[in-house]
Amino acid sequence: MQRILLTGATGLIGGAVLHQALERDDAAQWICLVRCASVDQGRQRVAARLARFTDPFTAQRLARKVEIVPGDFTRADLDMDPRLHDVTHVLHLAADTSWWGDERIHRTNHDGTLALARRARAMPHLKRFLHVGTAMICGAEAPSLVREEAYPHPSAKHLVAYTLSKAAAETSLAEQFADLPIVVARPSIVVGHSKLGAAPSSSILWVIRAADRLRMKPCGPDSAVDIVPADWVAETLHGLLVKPDLKHRLYHISGGERSSTRWRDLIQAFEAAEPSDGVRAFTRFDLADRASLRKRFAEVFGLDGALKQVMLRATRAYYAFCALDLTFANDRLLAEGFAPPPSLPEYLATCLDGASEIIDQFADDMEMFATPTPAIGQPMTVSA
Ligand SMILES: NC(=O)c1ccc[n+]([C@@H]2O[C@H](COP(=O)([O-])OP(=O)(O)OC[C@H]3O[C@@H](n4cnc5c(N)ncnc54)[C@H](OP(=O)(O)O)[C@@H]3O)[C@@H](O)[C@H]2O)c1
């Protein structure tokens, strides 16, 4: 029987994985490592996340199917809980996903991941350790079609501490844990759910809507942004976790050349989904021109209050990523037999259906921008 240890069950992707797995009701036993004071509290935290995908009663029923191990993955090597002994698969999703703030992020995403890997060495039945990284470890100067094997690279120019820490974790896992059955999956940009729209999370969706409202973009109409929905990511991660044989150790979980989104198509999808806002005429602006974006943002959203100030900084930060014009090759994934994802223009209308105000949706991402380092656009030094 599969015994799957999941970290990050209370997060966006972890919740999506768990919801699909528990609904599927296969024989696998899921063990969730959750930060909590007691098993009951941990179960309630998992149920609260599952309730974003289903009704609260079903969420409670599903949450009762999992084993909860209270704990912090960054101290997993000190946790000799016997329930972890028989684990056959590890799906490591937990991470500090805030963009700014160096030390804490490195401690969690790098040092913490190594602590979990050390604990995995004491799992004698382990078949696979699926570490979830991010495709954005390629940094700001990558070629427009990014291939898995080119990264992590010591000369990558990271825009934020988060991607730097994820690159460092991959480097150290490869160097120090060659004895473990580690596979790395790197999602691109996860936005919405192809069937439930924004209900599970409006993370990043708010910024795409904000760009539409601002009618400003920092790149041309053919520029690409590689976006995938959470449900497809969850299904694909589960597939990679349990597929007995894999050809590679590294996979992008991405749209690739077929499903990556072009701005032109995204704008047309907005026009089709929200025709009352008319035909969109976008202005292209230079990211260094902070004043123009600030002025336009103030006109459209106002700049009253701390929340909107943070939202402006976050919008600027996301624009910096959008301007990179990156597509993450997914041929490896498709060659393993996984289905390609739908592109964002194909499910945008679902995400916009009944969506709350943009400023309210931003609340889903606010924590990521809690400690600002405002030098967006200036690459950070790499120390993997
Ligand atoms: N979302 C994306 O667009 C995207 C794109 C590429 C890659 N990824 C990667 O995918 C993974 C999941 O992302 P996500 O968007 O689902 O993240 P998320 O919603 O921010 O969730 C993060 C999860 O990590 C847990 N966590 C953080 N520190 C922990 C600790 N010390 N001990 C135990 N649990 C801890 C959080 O638990 P609490 O609830 O206790 O805080 C939460 O469950 C991450 O590794 C991220 O780098 C995400």
Side-chain angles (χ1 to χ4, degrees), residues 1-73 75-76 79-95 116 119-120 122-132 181 183 185 187 190 192-197 199-201 203 229-244 253 338 364:
M1 182 166 110
Q2 291 169 351
R3 280 181 60 78
I4 302 174
L5 174 64
L6 173 66
T7 70
T10 54
L12 164 61
I13 302 175
V17 170
L18 200 57
H19 175 248
Q20 284 178 2
L22 298 176
E23 282 284 20
R24 202 181 299 120
D25 204 16
D26 52 22
Q29 181 62 51
W30 288 79
I31 304 146
C32 299
L33 186 73
V34 181
R35 289 193 283 196
C36 53
S38 65
V39 168
D40 276 353
Q41 192 202 30
R43 201 175 301 287
Q44 287 316 314
R45 294 200 63 215
V46 170
R49 175 52 73 173
L50 292 173
R52 293 186 180 219
F53 299 86
T54 184
D55 65 85
F57 297 105
T58 307
Q60 289 289 341
R61 178 176 61 76
L62 295 178
R64 282 197 292 275
K65 293 185 182 185
V66 302
E67 281 180 34
I68 303 288
V69 174
D72 181 323
F73 81 87
R75 298 170 58 79
D79 187 346
M80 283 303 139
D81 189 312
R83 286 171 298 177
L84 302 187
H85 182 79
D86 290 337
V87 163
T88 56
H89 299 75
V90 174
L91 176 50
H92 177 40
L93 277 157
L116 184 66
R119 179 63 182 89
M123 296 174 182
H125 308 292
L126 189 67
K127 291 193 170 75
R128 184 156 299 150
F129 183 116
L130 186 62
H131 169 71
V132 180
V183 172
V190 183
H193 187 290
S194 68
K195 295 176 194 72
L196 302 174
S201 170
S203 175
D231 47 325
W232 177 82
V233 172
E235 202 176 314
T236 308
L237 284 176
H238 181 263
L240 277 181
L241 181 69
V242 300
K243 191 166 189 274
I253 311 289
F338 292 98
D364 259 344

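Counting heavy atoms from C-beta outward, M123 and V90 have side chains that approach closer than 4.5 Å. Looking at K127 and Q2, their side chains never come closer than 4.5 Å, going by heavy atoms from C-beta outward. Side-chain atoms of V132 and P187, non-hydrogen and from C-beta on, do get closer than 4.5 Å to each other. Looking at V66 and L6, their side chains never come closer than 4.5 Å, going by heavy atoms from C-beta outward.
With values rounded to the nearest 0.5 angstrom, K65 atom NZ is found 13.0 Å from C32 atom SG. Residue Q60 holds its CD atom at 11.5 Å from OG1 of T54, rounded to the nearest 0.5 Å. Note that NE2 of H89 is 12.0 Å distant from CG of L5, once rounded to the nearest 0.5 Å. How far CZ of F53 is from CG of L18: 9.5 Å, rounded to the nearest 0.5 Å. One distance of note links CG of D86 with CD of Q29; it measures 11.0 Å at 0.5 Å rounding. Here F57 contributes atom CZ and L62 contributes atom CG; the two are 13.5 Å apart, rounded to the nearest 0.5 Å.
Residues passing the salt bridge (charged side-chain N to carboxylate O under 4.0 Å, His left out) test with R128, sequence neighbours excluded: none. Under the side chain to side chain donor-acceptor pair (under 3.5 Å) criterion, T10 pairs with no residue at all, not counting sequence neighbours.
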Subject >> Test side chain to side chain contact (heavy atoms under 4.5 Å, CB included) applied to L116 and F129, step by step >> reply: CA-CA 10 Å; L116 184 66; F129 183 116; 3.9 Å; yes

**OP:** Start with the C-alpha distance between R52 and L196, add both sets of side-chain angles, then the distance that settles side chain to side chain contact (heavy atoms under 4.5 Å, CB included), and finish with yes or no.
**Re:** CA-CA 9 Å; R52 293 186 180 219; L196 302 174; over 6 Å; no

**OP:** Applying side chain to side chain contact (heavy atoms under 4.5 Å, CB included), run through V17 and L241 and close with a yes or a no.
**Re:** CA-CA 11 Å; V17 170; L241 181 69; over 6 Å; no

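A donor-acceptor pair under 3.5 Å is absent between the side-chain atoms of R3 and the main chain of I31, judged by distance alone. Of the possible polar contacts, none joining the D364 side chain to the S201 backbone as a donor-acceptor pair under 3.5 Å is found. At distances below 3.5 Å, not a single donor-acceptor pair connects side-chain atoms of R64 with backbone N or O atoms of R43. Judged by distance alone, with hydrogens and angles left aside, the side-chain atoms of R49 form no donor-acceptor pair with the main-chain N or O of H19 at under 3.5 Å. Of the possible polar contacts, one joining the Q20 side chain to the E235 backbone as a donor-acceptor pair under 3.5 Å is found.
Counting heavy-atom neighbours within 6.0 Å of K243 NZ, excluding the residue itself, gives a total above 12.
Counting only N and O atoms by type, the side chains of T88 and H125 include no donor and acceptor under 3.5 Å apart.
Considering every non-hydrogen atom in both V46 and A63, the closest pair reads CG1-CB, 4.5 Å. Residues D79 and R119 share a closest heavy-atom pair of O-NE, 2.6 Å. Contact record, W30 with A21: CZ2-CB, 3.4 Å, taken as the closest heavy-atom pair. S38 approaches P70 most closely through the heavy-atom pair C-CG, 4.2 Å. Minimum interatomic distance between L33 and D72 (heavy atoms only, all atoms of both residues): CD2-C, 4.2 Å. Contact between T7 and L93 at its shortest, heavy atoms only, is OG1-N, 2.9 Å.
Note: H92 and H131 have tilted aromatic rings, judged against thresholds of 30 and 60 degrees for the angle between ring planes.
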